[in-house]
Structures are given as structure tokens and as C-alpha cells.
Chemist: 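Handing you this structure, nothing more for now.
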2 protein chains.
Amino acid sequence: MSKMQKEHTLTKNQQIVFDLVEKSSEPLKAYSILFNVQKKGIKAPLQVYRALDRLVEIGKIHKIESRNAFIACHNSSCQVAKATAFSICEICEKVTEISSAGLSKYLTNFKDKDGMKYSKYNLEFFGLCKKCR
Amino acid sequence: MSKMQKEHTLTKNQQIVFDLVEKSSEPLKAYSILFNVQKKGIKAPLQVYRALDRLVEIGKIHKIESRNAFIACHNSSCQVAKATAFSICEICEKVTEISSAGLSKYLTNFKDKDGMKYSKYNLEFFGLCKKCR
DNA sequence: CTTTCTAATGTTATATTATTACATAACGTT
DNA sequence: AACGTTATGTAATAATATAACATTAGAAAG
Ligand SMILES: [Zn+2]
Ligand SMILES: [Zn+2]
Ligand SMILES: [Zn+2]
Ligand SMILES: [Zn+2]
């Protein structure tokens with residue numbers, strides 16, 4: 001257990017939802033998650049949304065805002081919970097979390113004209129993936 | 001009429017929706033727009049969504065994905081339709097379109113590890129605005 | 001001017017995404 | 001055990017968005 005990273009013990013529902021999102025190769029939508037965890041005893045949307053909210057908060061998963069879908073973090077988790085970047089293929093809808101030190105440094109240090117500094121950002125790139133080009 | 005910028009004549013519904021969004025100081029949600037244009041004869045969600053879709057497409061307005069809300073472009077329109085950046089105050093929900101040549105240059109030229117180049121991006125920064133700090 | 005094609009509109013119904021409200025249970029602390 | 005806090009369960013409903021199909025308005029061709 002790294003000292004750099006706070007541990008978060010997942011509760012039952014959080015673990016169930018996380019396991020599903022984590023093993024999915026594509027972003028999952030809330031109601032698709034709900035459907036897939038009903039055999040595990042989760043019955044209502046709210047149970048899913050509560051788990052998702054918490055998982056997002058602790059950085060285990062991210063929400064792809066333009067798609068209303070959730071993907072597990074593949075960037076050493078929590079550290080980038082508040083600084084996310086994704087590439088999204090507009091044809092096959094494949095989503096990849098971008099891990100670029102340069103990009104995150106640039107954006108983390110970005111100040112607007114008012115000198116406003118931000119505590120969080122989300123960036124979504126759109127284009128065609130290798131396969132779809 | 002500038003030669004640099006394609007003109008898009010708005011249709012009746014598009015103009016009605018645009019006028020409302022354009023004079024609003026804050027991002028508007030689709031159903032709030034619907035409510036406010038009913039006196040102009042627009043009766044159904046779909047009429048609003050169709051107008052919004054088209055207005056986004058031609059760059060007259062942008063969608064703030066994390067808020068499901070729409071704001072008029074304040075960046076010389078169409079030119080940045082596919083390269084948008086916003087700052088969002090997490091307290092008062094004030095949204096400002098960021099106009100930074102450096103930022104847009106950096107992101108437009110950004111290539112990921114696979115050398116994938118993107119045709120479009122949307123960036124949302126979160127923090128506290130001057131007033132809320 | 002009339003035909004034809006296309007884009008926009010109107011309308012109803014429905015799908016999808018997300019939250020409110022309130023009751024109950026589990027858990028850690030004292 | 002008593003208390004406060006966090007997580008759960010459950011039902012109802014709100015908010016966001018699209019499907020399907022009929023009609024109308026405009027542009028372009030003949
Ligand atoms: Zn991540
Ligand atoms: Zn693709
Ligand atoms: Zn703009
Ligand atoms: Zn503010």
C-alpha cells in the first residue's frame with residue numbers, strides 16, 4: 001500500500017459496480033451497469049448512481065461527460081481524478097484515457113486572463129482511432 | 001458579411017432559440033429554453049433540441065457537457081466550434097468561454113502517443129470564480 | 001408556373017439519465 | 001448500550017433526449 005495514495009476501502013455496492021466497470025473494455029452507462037449487476041442484488045438506479053458518484057470522487061473511475069458513461073481509471077488511479085483527458089473515436093466510440101505528462105502539466109498550470117487558477121479539469125478529444133481511419 | 005466566415009441563415013426556430021441563448025448571461029438548459037419560447041410558438045422538446053443541435057453544429061452556441069446546458073459563442077463564432085474551452089465556477093456555476101491563443105494552439109497541435117491527431121476537443125476547467133473565492 | 005427534391009417543422013409518444021424523499025441497516029466511537 | 005455517521009433499500013418522479021411519422025416550406029430544375 002503506497003504512502004502516496006490514499007486507500008479507499010470500497011463498500012459492497014461500490015465494489016460490485018467497480019468490478020464491472022473495471023473489467024469492461026468500453027465505457028459503461030449507468031442503466032447498463034444496473035442491468036448487469038441485478039444478479040448481484042443491486043436493484044435500483046440510485047444504488048448504481050451512488051456507487052458511481054463515490055467511485056468518481058475517489059478517482060477509481062471517470063465520467064465521460066459527452067457520453068454519459070463511465071470508465072475505470074487507467075492512470076494510477078486517484079492521482080489524476082481531478083485532471084482527466086480522453087480521446088474518443090467518433091465512429092467506434094472507443095475511449096482511451098490520455099496519459100501525457102506534458103499535457104497535464106500544461107493544463108494544471110494554465111491560468112486564464114483573470115489569473116484564475118483551476119482545481120480541476122476535464123478534456124475530451126474527438127477524432128478517428130487507428131482502426132477507423 | 002465577412003468572407004472568412006461562412007454565413008448560416010437561421011431558420012425561424014433556430015433564430016428564436018438563438019436569440020434566447022444569446023441574451024442570457026448564463027448557460028441555459030433545454031427545457032428552460034422550451035419554457036421560455038412557448039410564447040413564440042415552439043411547443044415541443046424536439047423543436048428545441050433540433051434547433052440546439054444545428055446551432056451547435058454551426059458554432060453559434062456550445063454545449064457545456066458537464067452541465068447539459070448551452071451558451072452562446074463569444075469567440076468570433078464558428079471558428080472555434082470544434083475547439084472549445086470553458087471555465088466553470090463550482091459555487092455560482094458561472095461559465096466563461098476561454099479565449100486563449102496559446103491554449104488552443106497547444107491543444108490543436110496535441111498528438112497522443114500513437115500520433116493520433118484530433119479534429120475536435122472540449123475542455124472544461126473547474127474552480128472558483130473571482131467573486132466566489 | 002409546376003414538379004420535384006430536400007430541409008425544416010409539428011406532434012405524439014417514448015426512451016434514457018438522474019434525483020428526491022424517506023425508511024432501515026451497518027459501522028465506528030464513546 | 002447510546003450516539004452519530006455512512007451506506008442501503010425502495011418507491012416515486014424529475015430532467016434530459018430521441019424515435020417515428022405526418023406535414024409544410026423553400027430551393028432548384030424543367
Ligand atoms: Zn484516470
Ligand atoms: Zn474507432
Ligand atoms: Zn465559441
Ligand atoms: Zn462563482
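Order of the sequence lines sets the chain letters (A, B, ...), proteins ahead of strands, with each chain counted from 1. The figures that follow rest on heavy atoms only: side chains count, while hydrogens, waters and symmetry mates do not.
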Chemist: In whole angstrom, what separates B:I16's CD1 from C:dG10's C1'?
Modeler: 13 Å

Chemist: Once side-chain hydrogen bond (donor to acceptor under 3.5 Å, both in side chains) is applied, what residue pairs with a partner in residues 119-133 of chain A remain, sequence neighbours excluded?
Modeler: A:S66-A:E124, A:T84-A:N122, A:K120-B:E90, A:N122-A:E124

Chemist: My understanding is that a hydrophobic cluster links ILVMFWY residues whose side chain heavy atoms are under 4.5 Å apart, including indirect links. Using that, what else belongs to the cluster containing A:I91?
Modeler: A:L128

Chemist: Hey, what do you get for NE2 (A:H62) to CG (A:L52), rounding to the nearest 0.5 Å?
Modeler: 13.5 Å

Chemist: Just by protein heavy atoms under 4.0 Å, how would nucleotides 14-21 of chain C read 5' to 3' in B, S and -?
Modeler: ---BBBBB

Chemist: Please list, chain by chain and in numerical order, all residues satisfying salt bridge (Lys or Arg N to Asp or Glu O under 4.0 Å) with A:R54, sequence neighbours excluded.
Modeler: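 Expected list: A:E57.
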
Chemist: Does B:K40 put a side-chain nitrogen or oxygen below 4.0 Å from OP1 or OP2 of C:dT9?
Modeler: no

Chemist: Which pairs, with at least one residue in residues 94-114 of chain B and sequence neighbours excluded, count as a ring pair (Phe, Tyr, Trp, His ring centres under 6.0 Å)?
Modeler: A:Y106-B:Y106, A:F125-B:F110

Chemist: At less than 4.0 Å, is any side-chain N or O atom of B:Q47 found next to OP1 or OP2 of C:dT9? Yes or no.
Modeler: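 The answer is no; no side-chain N or O of B:Q47 sits under 4.0 Å from OP1 or OP2.
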
Chemist: Determine whether a donor-acceptor pair (N or O, by modelled atom type, separation under 3.5 Å) exists between the side chain of A:S24 and the backbone of A:V21.
Modeler: no

Chemist: Provide, to the nearest angstrom, the distance between the CG atom belonging to B:N13 and the P atom belonging to C:dA7.
Modeler: 17 Å

Chemist: Does A:S99 have any side chain to side chain donor-acceptor pair (under 3.5 Å) partners at least two apart in sequence or in another chain, and if so, which?
Modeler: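 For A:S99, the residues satisfying side chain to side chain donor-acceptor pair (under 3.5 Å) (neighbours in sequence not counted) are A:N75.
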
Chemist: What residue pairs, at least two apart or across chains, pass side-chain hydrogen bond (donor to acceptor under 3.5 Å, both in side chains) with a residue in residues 13-23 of chain B?
Modeler: B:T11-B:Q14, B:Q15-B:D19

Chemist: Using a 3.5 Å cut-off and no angle test, enumerate the donor-acceptor pairs between side-chain atoms of residues 28-46 of chain B and protein atoms at least two apart in sequence or in another chain.
Modeler:
residue	atom	partner	partner atom	Å
B:K29	NZ	B:R67	O	3.2
B:N36	ND2	B:S32	O	2.7

Chemist: Looking at B:T11, I'd like to know whether one of its side-chain N or O atoms comes within less than 4.0 Å of OP1 or OP2 on C:dT9.
Modeler: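 So the side-chain polar atoms of B:T11 do come within 4.0 Å of the phosphate oxygens OP1 or OP2 of C:dT9, strictly under.
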
Chemist: Over its full length, what angle do the end axes of the helix from C:dC1-D:dG30 to C:dT30-D:dA1 make, each axis taken from five pairs and the result rounded to 10 degrees?
Modeler: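 One end's axis against the other's: 40°.
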
Chemist: For DNA chain D, note the earliest and the latest nucleotide, 5' to 3', having some atom under 4.0 Å of a heavy atom belonging to chain B.
Modeler: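 Terminal contacting nucleotides, 5' to 3': D:dT16 to D:dA20.
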
Chemist: Please give, in whole Å, the distance from C:dG10 P to B:I42 CD1?
Modeler: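 Spelled out: CD1 on B:I42 to P on C:dG10 is 7 Å.
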
Chemist: Taking only residues two or more places apart in sequence or in another chain, which ones pass side chain to side chain donor-acceptor pair (under 3.5 Å) with B:E26?
Modeler: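 Not a single residue meets the side chain to side chain donor-acceptor pair (under 3.5 Å) criterion with B:E26.
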
Chemist: Restricting to side chain to side chain donor-acceptor pair (under 3.5 Å), what partner residues turn up for B:Y49, sequence neighbours left out?
Modeler: none

